[in-house]
Novice: 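After the structure tokens below, expect a handful of questions from me.
Order of listing sets the numbers, starting from 1, for every ligand and every atom in it.
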Amino acid sequence: MPSRKFADGEVVMGRWPGSVLYYEVQVTSYDDVAHLYTVKYKDGTELALKESDIRSQSSFKHRKSQSSSSSPSRRSSSRSRSRSRSPGRPAKGRRRSASQSREHKEDKKKPSQEPSIALPKPSENNTKRYNGEPESTEKNATSCIVLEQKVKPDLEIKRVLDQYSLRSRKDDKKKEEIYSEKKTFVAVKPIEKVSTKTKEMEFGGRIGTFMLMLVLPATVFYLLLMCKQDDPSLLNLPPLPALESLWDWRVFGVILLWFFLQAAFYLLPIGKVVEGLPLASGRRLQYRINGFYAFILTAAAIGALLYFGFELHYLYDELVQFAVAAAAFALALSVYLYVRSLRAPEEELAPGGNSGYFIYDFFTGHELNPRIGSFDLKYFCELRPGLIGWVVINLAMLLAEMKIHNLSVPSLSMILVNSFQLLYVVDALWNEEAVLTTMDITHDGFGFMLAFGDLVWVPFVYSLQAFYLVGHPTTISWPVAAAITVLNCIGYYIFRSANSQKNNFRRNPADPKLANLKFIPTATGKGLLVTGWWGFVRHPNYLGDIIMALAWSLPCGFNHILPYFYVIYFICLLVHREARDEHHCKQKYGLAWERYCQRVPYRIFPYIY
Ligand code: NDP
């Protein structure tokens with residue numbers, strides 16, 4: 001029987017479950033059967049830990065910090081100093097991006113300044129990996145991380161007490177000022193290079209993703225063909241069009257032109273450049289925020305085309321061909337993305353798209369942030385060609401309705417659908433920066449799922465209501481229109497304020513505008529908001545989005561379920577997405593996430609789910 005290593009009463013360093021942080025704890029007892037130590041943290045929390053989660057204090061080397069400040073700027077500079085030895089260092093023989101090489105050279109130039117420790121500021125991705133994910137060793141990979149901060153005893157007790165209780169962010173700021181002068185960083189612990197292999201497959205694994213690759217395009221064509229029918233009842237299946245009628249090179253040319261026009265707008269040196277969230281390597285990518293300008297330029301171009309007599313409603317007649325061409329383009333893009341991802345360094349792969357199975361990785365996206373120079377393919381596709389394309393299709397449907405039904409003004413239903421969705425798109429582009437903290441950018445790779453979703457699903461399925469209204473005119477009264485508008489405004493208000501609250505909090509937790517919000521601190525250094533919208537339900541932004549989705553379908557009346565496809569699909573999507581996010585957050589934040597869930601029990605719908 002293995003003997004116990006630590007005695008009762010001994011003061012040791014205990015790992016905080018679900019994190020990489022070690023805190024000073026006292027061993028209170030040992031369970032011979034379960035081989036678990038009961039340890040007591042300074043805040044009084046008692047936990048049972050495995051021996052492997054306990055270290056002797058002597059294994060933590062004390063060192064006086066060169067930093068006397070805990071300001072964010074200092075923290076980030078420390079982080080960048082450590083890059084050359086971070087787990088994100090490319091493996092031998094792997095391609096290294098230009099920026100990385102530059103950083104590496106810069107790091108090499110200043111070895112004397114390089115302390116043997118780096119401050120802990122694990123990002124979402126690397127934290128997840130440190131949290132018990134399988135580790136693979138790489139020769140000479142000697143990344144270091146500080147595992148605990150030590151402060152003067154009286155202050156430390158107060159800090160620990162604070163850490164596990166909710167506090168106002170105003171108080172927090174004051175305390176930060178007090179502690180900043182007293183902090184001493186201790187305990188250097190080399191850690192091994194971590195593998196980014198995906199262990200848990202989502203979307204039904206290989207079979208599920210294979211099926212989705214067939215079902216998603218089939219659904220788009222089914223919906224579009226249904227919408228063209230006089231009677232779009234679910235069971236009234238549309239006749240299959242001849243294959244050759246689906247492909248038109250001219251239409252494919254328009255799709256290419258559209259994509260490259262948007263790419264040209266993206267490359268314009270207008271709009272600010274911001275940094276994304278830290279990657280697993282600690283590096284931050286830069287992104288140009290000019291989506292709104294791209295929208296304005298597109299609107300000007302479309303306006304000019306209309307002025308010169310271009311018949312945009314041509315899109316209505318050929319929408320299926322456009323969808324086929326866009327799907328072909330998305331498929332070709334996905335193949336390109338997968339092929340190039342095979343040469344990407346390990347640390348640039350998506351944590352969720354590196355299973356080693358072709359189908360799965362092809363679908364979920366193998367590489368996290370594929371870039372051609374500074375051109376970020378995923379970020380570009382997220383909001384521009386598809387989202388702006390959606391608005392253009394809606395406009396084309398509005399013009400088609402007027403032309404086909406000989407109207408001098410569009411129907412009230414069409415105006416509502418167009419206005420609501422225009423607001424949604426303009427909002428997304430106006431707040432483009434917020435996309436940088438979403439799962440799509442921070443977690444998901446760029447593969448078939450996002451390429452097809454961004455370039456085909458969004459423009460051709462989300463415009464279904466407008467498409468439906470052209471062939472199935474629906475009259476609504478002004479009071480009904482007013483009620484639907486109020487519903488959309490409520491949804492929008494919840495959606496926007498929830499997203500802004502989280503985005504601002506993630507970008508600048510010290511933002512004075514957020515001073516009255518409370519949060520639970522987590523071992524990763526990030527907090528979890530427990531008041532404001534994020535204290536109402538765990539995904540308030542999804543709630544707002546779903547309310548808006550309903551408001552977009554209601555103007556189509558109740559004759560058919562087809563225009564309600566969007567809201568039904570969207571609820572399924574967001575419930576599934578919420579479950580995925582819960583899973584990731586549980587891995588990232590461990591106990592803190594459980595506390596958050598206790599405090600905020602409803603996921604999306606208050607008192608229901
Ligand atoms: P969210 O923007 O909701 O981001 C989820 C992340 O927020 C979590 O992983 C966590 O990341 C952070 N978080 C969770 N709880 C808290 C908390 N209490 N305090 C602070 N941070 C918290 O995810 P999505 O990317 O899914 O959604 C973004 C927006 O896009 C939503 O409005 C959604 O409705 C919309 N959307 C629209 C779609 C469409 O097709 N129209 C499709 C998908 C999404 P961390 O802690 O690491 O920061």
Novice: Using a plain distance cutoff, I'd like to know if Arg538 has any nitrogen or oxygen under 3.5 Å from a nitrogen or oxygen of ligand 1.
Specialist: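 The answer is no, given that Arg538 and ligand 1 share no N or O pair closer than 3.5 Å.
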Novice: Think Arg595 forms a cation-pi with Phe519, using NZ or CZ under 6.0 Å from the six-ring centre and within 45 degrees of its axis?
Specialist: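 Judged by the rule, Arg595 and Phe519 form no cation-pi pair.
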Novice: Counting only nitrogen or oxygen atoms and a 3.5 angstrom limit, does Gly527 reach ligand 1?
Specialist: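 No, since none of the N or O atoms of Gly527 sits under 3.5 Å from an N or O of ligand 1.
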Novice: Apply the test ring-ring contact (aromatic ring centres under 6.0 Å, His included) to residues Phe295 and Phe265: give CA-CA distance (whole Å), side-chain angles for both, the deciding distance (0.1 Å), then the verdict.
Specialist: CA-CA 9 Å; Phe295 177 78; Phe265 290 161; over 10 Å; no
Novice: Please confirm whether Lys502 comes under 4.0 Å of ligand 1, counting heavy atoms of the residue only.
Specialist: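 Per 4.0 Å heavy-atom rule, Lys502 contacts ligand 1.
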Novice: Taking only heavy atoms of Cys585 into account, list the atoms of ligand 1 that are under 4.0 Å away from them.
Specialist: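 It comes down to these atoms of ligand 1: 8 (C), 9 (O), 10 (C).
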Novice: Let me confirm one number: the CZ-CD distance from Phe565 to Gln465, rounded to the nearest 0.5 Å.
Specialist: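 Atom-to-atom, Phe565:CZ and Gln465:CD are 10.5 Å apart.
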Novice: If you round to the nearest 0.5 Å, how far is CG of Asp361 from OG1 of Thr198?
Specialist: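 It comes to 6.0 Å.
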Novice: Look only at interatomic distance and state if Asn541 has a nitrogen or oxygen under 3.5 Å from any nitrogen or oxygen of ligand 1.
Specialist: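 N/O-N/O distance under 3.5 Å: yes.
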Novice: Looking at non-hydrogen atoms alone, which of His443, Arg506, Arg496 comes nearest to atom 21 (N) of ligand 1?
Specialist: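 Of the listed residues, Arg506 has the closest heavy atom.
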Novice: When only distance counts, is Tyr424 in polar contact with ligand 1, meaning an N/O pair under 3.5 Å?
Specialist: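 Among all N and O atoms of Tyr424, at least one is under 3.5 Å from an N or O of ligand 1.
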Novice: Should one rank Tyr589, Phe570, Phe495 by closest heavy-atom distance to atom 39 (C) of ligand 1, which comes out on top?
Specialist: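 That would be Phe570.
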Novice: What atoms in ligand 1 come closer than 4.0 Å to a heavy atom of His539?
Specialist: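 Every atom of ligand 1 under 4.0 Å from some heavy atom of His539: 3 (O), 5 (C).
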Novice: Can you tell which part of Trp390 has a heavy atom less than 4.0 Å from ligand 1: side chain, backbone, both or neither?
Specialist: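 Trp390 to ligand 1: no contact under 4.0 Å from either part.
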Novice: Please could you name the atoms of ligand 1 that Thr438 approaches to less than 4.0 Å, counting only its heavy atoms?
Specialist: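 Within the 4.0 Å cut-off of Thr438, ligand 1 contributes 25 (O), 28 (C).
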Novice: Pick whichever of Tyr596, Phe505, Tyr462 has a heavy atom sitting closest to atom 40 (O) of ligand 1.
Specialist: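 That would be Tyr462.
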Novice: Can you sort out the partners of Glu382 under salt bridge (charged side-chain N to carboxylate O under 4.0 Å, His left out), two or more places apart, ordered by chain and number?
Specialist: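 By the salt bridge (charged side-chain N to carboxylate O under 4.0 Å, His left out) rule, Glu382 matches no residue at all.
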Novice: Below 4.0 Å from any atom of ligand 1, is there a heavy atom belonging to Lys588?
Specialist: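 Checking ligand 1 against Lys588, which is what was asked, there is a heavy-atom contact under 4.0 Å.
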Novice: Only heavy atoms count here, so choose which of Asp581, Ile604, Val458 is nearest to atom 9 (O) of ligand 1.
Specialist: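 Looking at heavy atoms only, the winner is Asp581.
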Novice: Classify the angle between the aromatic ring planes of Tyr566 and Trp552 as parallel (below 30°), tilted (30 to 60°) or perpendicular (above 60°).
Specialist: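 Judged by the thresholds at 30° and 60°, the geometry between Tyr566 and Trp552 is parallel.
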Novice: Do ligand 1 and Asp545 have nitrogen or oxygen atoms that lie under 3.5 Å from each other?
Specialist: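 Among all N and O atoms of Asp545, at least one is under 3.5 Å from an N or O of ligand 1.
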Novice: Of the choices Phe519, Tyr542, Trp533, which has the non-hydrogen atom that lies closest to atom 27 (O) of ligand 1?
Specialist: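 Looking at heavy atoms only, the winner is Tyr542.
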Novice: Quick check: do Ile393 and Phe322 have side-chain heavy atoms less than 4.5 Å from each other?
Specialist: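 Answer no - side chains too far apart.
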Novice: With Gln286, which residues qualify under side-chain contact (heavy atoms from CB on, under 4.5 Å), at least two apart?
Specialist: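 So Gln286 forms a side-chain contact (heavy atoms from CB on, under 4.5 Å) with Val273, Glu275.
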Novice: At their closest point, which heavy atom of Val392 faces which heavy atom of Trp258, and how far apart are they?
Specialist: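 Taking Val392 first and Trp258 second, the nearest heavy atoms are CG2-CH2, 3.9 Å.
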Novice: For residues Thr298 and Gln262, report the shortest heavy-atom separation together with the two atoms involved.
Specialist: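 Shortest heavy-atom separation between Thr298 and Gln262 comes out as OG1-NE2, 3.1 Å.
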